[in-house]
2 protein chains.
Amino acid sequence: MARTGRPRAFDRDAALHTAMLVFWERGYATTSTTDLSAAMGINPPSLYAAFKNKEHLFREAVGLYERTEADASRRAMDEAPTARKAVAALLHESVDRFTTEGKPRGCMIVLAATNCTEDHASVRDFALRCRARTKTTIKARLDAAADAGDLDADTDTDRIAAFYTTFLNGLSLQARDGADRTQLHDLVDMAMFVWNAPNGPLVDSEA
Amino acid sequence: MARTGRPRAFDRDAALHTAMLVFWERGYATTSTTDLSAAMGINPPSLYAAFKNKEHLFREAVGLYERTEADASRRAMDEAPTARKAVAALLHESVDRFTTEGKPRGCMIVLAATNCTEDHASVRDFALRCRARTKTTIKARLDAAADAGDLDADTDTDRIAAFYTTFLNGLSLQARDGADRTQLHDLVDMAMFVWNAPNGPLVDSEA
DNA sequence: TTTCTTATGTAGAGGTTAGTACAGAAGTGG
DNA sequence: CCACTTCTGTACTAACCTCTACATAAGAAA
């Protein structure tokens, strides 16, 4: 049914996409609603009518980010034939996403709300939950591989997921700080070497 | 020579230490001078007289952080007998520093100015330079080891330094997000396995 | 004591923040 | 045509931001 009343004069999806880019680039706390409405090409009342407030807009922007950017990495992981290739695909795909021309560098979820203070506690906790999902997603892929016999049944998938999540977060910061795309891919190759010793306490070859 | 005029009624070093903790916890942009002067127990004019302005105070706070926290990690690295043990010592020492009770978690330099916007460009660039030094410091230790014959002369020390810097940055975020200290130490052990293949392009054992 | 210097507390200037009141515009339904 | 609903731009509020003017306090130097 067609809604009554004056129709919206701007494209809500396009505006949300713009807001996502601004938050991604500048972070939650350091982006003002004035910046946002200016970038989105609308006036404050339109912003608030369409997105309720700054926090809701941010949550929607993160949702869009997950449905587009983050989900592409997850898909690359799911489509890979083996657990090892899945993790490598996730990391390499992420590197490409972190260094795409015309988009902010690094991961929005990692960078946009790291130092949210107590007065934005709900935003901070929201971002925390989003970040926690990264490890969960990797672990789920590894568990599926273990079920399929692609990994030893006694593999500590949580440990591996934690390692690559940590490394992935580091890649975000390196990308934001201007690291070269090819160098980041090379670092991913290095990180994949850990795969060769996924289980048990590692032996210090020197000690 | 003793300065003339009314003496300062507060301990400048203690106030700076407090400011460091506040910036470390909350970040540069999201910490207000009101928060700072309240935490330091002084009024705004005293803050500005002693530290010039917010940016100068931040720079001094980062300097203090480097002289205390960061330098302890560097010392652990320098004192280790071999290059490999040096990197391991740096990472393990950092994990301890990132998860010390009563202090903010993670690295101040990584977390306090990640999403500084264009209007704080000088602060952002300052933090960027500080972060870049981490890799330089690791590389210097590796180069020294290469000179001493502890590493092959053709070792790509820049590449190794880049990998461990990336991983170290990831540890900061994991620590800030609440990761357990023992788990982080375990992740360091995993990362050290990369050491076994430091040179040349790594062979993908599966591809 | 007087003078000079520097620190202090109060109080506020000037700008920015998130969010909104309001009048009018632009549609739909009758 | 008219009511009704919803969006729009202008203009604003109240709270916050960084930073400072100013009168006074507290020490050293003379």
Side-chain angles (χ1 to χ4, degrees), chain A residues 1-16 18-19 22-23 25-61 112-113 115-124 126, chain B residues 1-16 18-19 22-23 25-61 112-113 115-124 126:
Chain A
M1 59 179 183
R3 296 206 328 278
T4 111
R6 178 174 178 174
R8 187 177 280 131
F10 63 95
D11 182 340
R12 192 183 189 278
D13 291 339
L16 179 59
T18 302
V22 177
F23 275 131
E25 170 82 41
R26 306 166 48 102
Y28 178 77
T30 45
T31 300
S32 74
T33 55
T34 310
D35 297 330
L36 288 165
S37 57
M40 297 158 88
I42 60 180
N43 287 310
S46 299
L47 189 157
Y48 283 88
F51 300 102
K52 181 159 177 161
N53 59 30
K54 186 182 172 184
E55 175 170 346
H56 270 73
L57 175 57
F58 180 72
R59 286 172 184 256
E60 271 204 59
N115 43 28
C116 258
T117 52
E118 206 55 48
D119 28 303
H120 304 299
S122 62
V123 173
R124 187 196 51 195
F126 170 72
Chain B
M1 62 175 183
R3 297 208 327 279
T4 109
R6 178 174 176 173
R8 186 176 282 132
F10 64 95
D11 182 340
R12 192 182 188 279
D13 291 339
L16 179 60
T18 303
V22 176
F23 275 131
E25 171 83 43
R26 306 167 48 106
Y28 178 77
T30 45
T31 299
S32 73
T33 54
T34 310
D35 297 330
L36 289 164
S37 58
M40 297 158 89
I42 60 180
N43 288 310
S46 298
L47 190 157
Y48 283 87
F51 300 102
K52 181 160 179 162
N53 59 28
K54 186 182 172 185
E55 175 170 344
H56 270 74
L57 175 56
F58 180 72
R59 286 171 183 257
E60 272 205 57
N115 41 29
C116 258
T117 52
E118 205 55 47
D119 27 304
H120 304 298
S122 63
V123 173
R124 186 196 53 195
F126 170 71

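To find a chain, count down the sequence lines: A is the first, B the second, and so on, and within it residues start at 1.
- Ion pair B:Arg12/B:Glu60 flagged as a salt bridge, since at least one NZ, NE, NH1 or NH2 atom sits closer than 4.0 Å to an Asp/Glu carboxylate oxygen.
- Judged by the 6.0 Å and 45° rule, B:Lys54 forms no cation-pi pair with B:Tyr48.
- Residues that satisfy the ring-ring contact (aromatic ring centres under 6.0 Å, His included) test with A:Phe51, not counting sequence neighbours, are absent from this structure.
- Heavy atoms of A:Thr31 sit under 4.0 angstrom from primed sugar atoms or phosphate atoms, though from no base atom.
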Produce the list of close N/O pairs, under 3.5 Å, pairing protein atoms with atoms of nucleotides 5-7 of chain C; give distances to one decimal.
from, atom 1, to, atom 2, distance (Å)
C:dT5, O4', B:Thr4, OG1, 3.4
C:dT6, O2, B:Arg6, N, 3.1
C:dA7, OP1, B:Arg3, NH2, 3.3
C:dA7, O4', B:Arg6, O, 3.2

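- The salt bridge (Lys or Arg N to Asp or Glu O under 4.0 Å) search around B:Arg6 returns none, not counting sequence neighbours.
- Remark: C1' of C:dT17 and CG of A:Leu47 are 14 Å apart, rounded to the nearest angstrom.
- Taking atom CZ of A:Phe58 as the reference point, atom P of C:dA18 lies 14 Å away to the nearest angstrom.
- Residues meeting the side-chain contact (heavy atoms from CB on, under 4.5 Å) test with A:Arg59, sequence neighbours left out: A:Glu55, A:Ser122, A:Phe126, A:Arg129.
- For B:Arg8, there are no salt bridge (Lys or Arg N to Asp or Glu O under 4.0 Å) partners at least two apart in sequence or on another chain.
- With sequence neighbours excluded, the residues forming a side-chain contact (heavy atoms from CB on, under 4.5 Å) with B:Ala39 are B:Thr18, B:Val22, listed by chain and number.
- When the P atom of C:dT17 is taken as reference, atom CG of A:Asn53 falls 17 Å away, rounded to whole Å.
- Rounded to whole Å, atom C1' of D:dC16 lies 15 Å from atom CG of B:Leu36.
- Applying the salt bridge (charged side-chain N to carboxylate O under 4.0 Å, His left out) test to pairs two or more places apart or on separate chains, those with a residue in residues 25-37 of chain B are B:Arg26-B:Asp35.
- Near DNA chain C, meaning a heavy atom under 4.0 Å away, the residues from residues 37-45 of chain A are A:Pro44, A:Pro45.
- One can place NZ of A:Lys52 at 17 Å from P of C:dA18, the figure rounded to the nearest angstrom.
- Considering only side-chain N and O atoms, A:Thr33 lies nowhere under 4.0 angstrom from the phosphate OP1 or OP2 of C:dG19.
- Annotation: side-chain contact (heavy atoms from CB on, under 4.5 Å) contacts of A:Ala61 (sequence neighbours excluded): A:Leu16, A:Met20, A:Phe23, A:Met108.
- In this entry the distance linking CZ of A:Arg12 with C1' of D:dC7 reads 14 Å, nearest Å.
- Regarding B:Lys54, its NZ atom lies at a distance of 14 Å from the P atom of D:dT20, rounded to whole Å.
- Within the 4.0 Å cut-off from OP1 or OP2 of D:dT20, not a single side-chain nitrogen or oxygen of B:Tyr48 is found.
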